[in-house]
Protein chains: 2
Amino acid sequence: MARPNAGTKGVPRLDRETQILDIASEQFGTYGFAATSVATVADLAGISKPLIYNYFGSKDGLFEACLDRGGALVADEIERIARGDAVGIQRGMATLGGMFALLDGRRHLWRLFFDPSAPTTGPIADSVTVYADRIGKLAEEGVAELMGLAGNDDLLDISAMTSVWLGIVDSLMNWWVEHPNESAEQMMQRCLRLLTAIVGEGEK
Amino acid sequence: MARPNAGTKGVPRLDRETQILDIASEQFGTYGFAATSVATVADLAGISKPLIYNYFGSKDGLFEACLDRGGALVADEIERIARGDAVGIQRGMATLGGMFALLDGRRHLWRLFFDPSAPTTGPIADSVTVYADRIGKLAEEGVAELMGLAGNDDLLDISAMTSVWLGIVDSLMNWWVEHPNESAEQMMQRCLRLLTAIVGEGEK
DNA sequence: GGTATATGACTGCTGGGTAAGTTACCACGC
DNA sequence: GCGTGGTAACTTACCCAGCAGTCATATACC
């Protein structure tokens with residue numbers, strides 16, 4: 001006796017994994033890898049720590065699983081938009097819109113790939129690199145297009161501008177997290193207004 | 001006997017404190033609060049951990065001291081520029097130029113105020129808030145000016161745009177850290193080119 | 001009885017923080 | 001010039017909390 005709950009919940013592994021990944025993604029995305037403890041995730045899920053180790057092997061494994069699930073989602077969507085025919089600033093806006101729509105309800109996901117407290121070596125770093133590179137490549141491609149239209153082909157300029165662009169997306173995502181009442185659609189409209197304030201009415 | 005180094009270095013407290021703050025700021029700025037250990041800072045300074053606790057009381061105290069020294073520097077400079085007569089995008093560019101000039105040689109300082117791994121409650125959070133607010137206020141003021149010129153007075157738009165602006169500065173600082181050979185002057189020229197690529201030649 | 005779903009109670013390590021003592025140096029009286 | 005006591009600078013060796021990770025065991029169901 002003495003362990004009245006052991007084994008009695010009967011939740012199928014896949015369901016449980018999904019639930020754990022949801023909670024872990026939110027915690028990692030909100031507080032960062034270093035500041036998130038496995039015990040906290042277990043508590044929030046209403047289960048014990050060893051079950052997480054059973055299913056994901058380690059804290060690193062758990063984080064990797066979050067990355068893989070979230071990364072595929074985000075990178076696929078950005079790739080889909082990149083295959084569209086929008087160019088220059090329009091492509092940027094289309095990407096933003098896609099992200100807002102995709103990440104509505106899981107806004108913290110974005111931050112997984114830009115977590116400075118995550119390990120910088122080992123499998124986690126590799127996994128981060130895979131998705132950050134996929135996203136970064138697409139961003140760089142779009143930026144290069146934009147800069148090319150303006151007659152600038154300097155590689156360092158493109159690199160810096162890519163960094164700025166990712167920083168912009170990042171800020172918007174963070175701002176969105178802090179303003180939970182904003183819908184994806186509202187965010188998109190807001191971004192269009194911000195763009196207008198900078199470049200003027202001309203460019204759509 | 002047996003402690004051949006105890007007390008023999010004779011470095012005045014103020015000198016030692018400055019040295020410790022230099023090293024700690026770089027570590028905190030580079031790896032974040034959570035990932036930086038006091039022992040590492042002590043090692044890099046060539047002294048023992050207790051001396052740091054002697055002078056700064058705690059890890060939090062050390063971080064706070066870094067914040068206070070760096071925050072005053074950065075906030076003062078931004079304030080100085082804000083008192084100038086540049087307006088709108090020009091003011092933004094002037095601020096960027098000031099930051100590049102000021103932070104040349106200590107580029108990591110900027111990141112102290114935007115460290116997601118720093119405690120979110122207690123004296124550290126308060127201190128961060130003081131400087132982040134000072135910087136944020138000035139940024140918001142400049143952004144409100146810019147948006148006003150474009151006929152947009154929406155408070156949430158201004159808030160979001162301020163977040164984007166700070167994100168842009170942040171990205172540029174991070175990019176700069178990753179490209180150590182770039183001089184402050186080169187960075188400034190680069191930013192002007194990036195601006196041109198977005199808004200066109202019109203606005204200087 | 002075999003397997004999937006679970007848990008309480010442990011271990012070991014890392015890192016913040018501390019107690020107590022050591023060395024150098026200066027000021028002062030003689 | 002020379003003991004002597006006070007103080008600033010500094011260290012070794014330790015404590016302890018929190019957290020990643022593990023082991024043995026328990027329940028439920030086919």
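The shown structure was predicted, so the numbers you read here are calculated from the model rather than taken from an experiment. Chain letters run A, B, ... following the sequence lines, proteins first and then strands; every chain starts at 1.
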Distance in angstrom units between B:K59 NZ and D:dG18 C1', rounded: 13 Å
Contact class for B:S37 (heavy atom, under 4.0 Å): base, sugar-phosphate, or nothing? sugar-phosphate
Could you work out how much the helix from C:dG1-D:dC30 to C:dC30-D:dG1 bends, comparing the axis of its first five pairs with that of its last five, to 10°? 10°
Using the six-membered ring of A:Y53, assess whether NZ or CZ of A:K59 lies under 6.0 Å from its centre and within 45 degrees of the ring axis. no
Charged N to carboxylate O under 4.0 angstrom, B:E77 versus B:R80? yes
Can any side-chain N or O of A:Q19 pair as donor or acceptor with the backbone N or O of A:A45 at less than 3.5 Å? yes
Which of the following nucleotides, C:dG16, D:dG21, D:dC23, is nearest to the side chain of A:P50? D:dC23
Just the rounded figure in Å: distance from P of C:dG15 to CG of B:D43. 12 Å
If only atom types and distance count, is the side chain of A:N152 paired as donor or acceptor with the main-chain N or O of A:M147 below 3.5 Å? no
Just call it for A:F56: base, sugar-phosphate, or nothing, with non-hydrogen atoms closer than 4.0 Å on any strand. nothing
Nearest-nucleotide check on DNA chain D, B:N54 vs A:A34; residue mapping nearer the 5' end is B:N54
Figure out the CD/C1' separation between A:Q19 and C:dT5, and round it to whole Å. 13 Å
A:L51 CG to D:dT27 P, in whole Å, measures 17 Å
B:E182/B:R190 ion pair, N-O < 4.0 Å: yes
Would you please confirm or rule out a distance under 4.0 Å between OP1 or OP2 of D:dC23 and any side-chain N or O of A:Y53? no
Quick check: on DNA chain C, is the nucleotide nearest A:R13 upstream (toward 5') of the one nearest B:G57, or the reverse? Name the residue that is more 5'. A:R13
With a 4.0 Å cut-off on heavy atoms, is B:T40 in touch with a base, just the backbone sugar-phosphate, or nothing at all? nothing
Nearest-angstrom distance from the residue atom CG of B:D15 to C1' of D:dA8: 14 Å
Taking all non-hydrogen atoms of both residues, which atom of B:T162 and which atom of B:E140 are closest, and how far apart? OG1-CA, 3.5 Å
Please report, rounded to the nearest Å, how far the P atom of C:dG16 is from the CD atom of B:Q27. 12 Å
Side-chain-base donor-acceptor pair under 3.5 Å for B:K49 and C:dG17: yes
Atom-pair distance (CD on A:E64; P on D:dA20), nearest Å: 16 Å
Between A:R91 and A:D85, is there a side-chain N and carboxylate O pair less than 4.0 Å apart? no
Indicate whether OP1 or OP2 belonging to D:dA8 is found under 4.0 Å from a side-chain N or O atom of B:R16. no
Let me know the distance between CG of A:L14 and P of C:dA4, rounded to the nearest Å. 13 Å
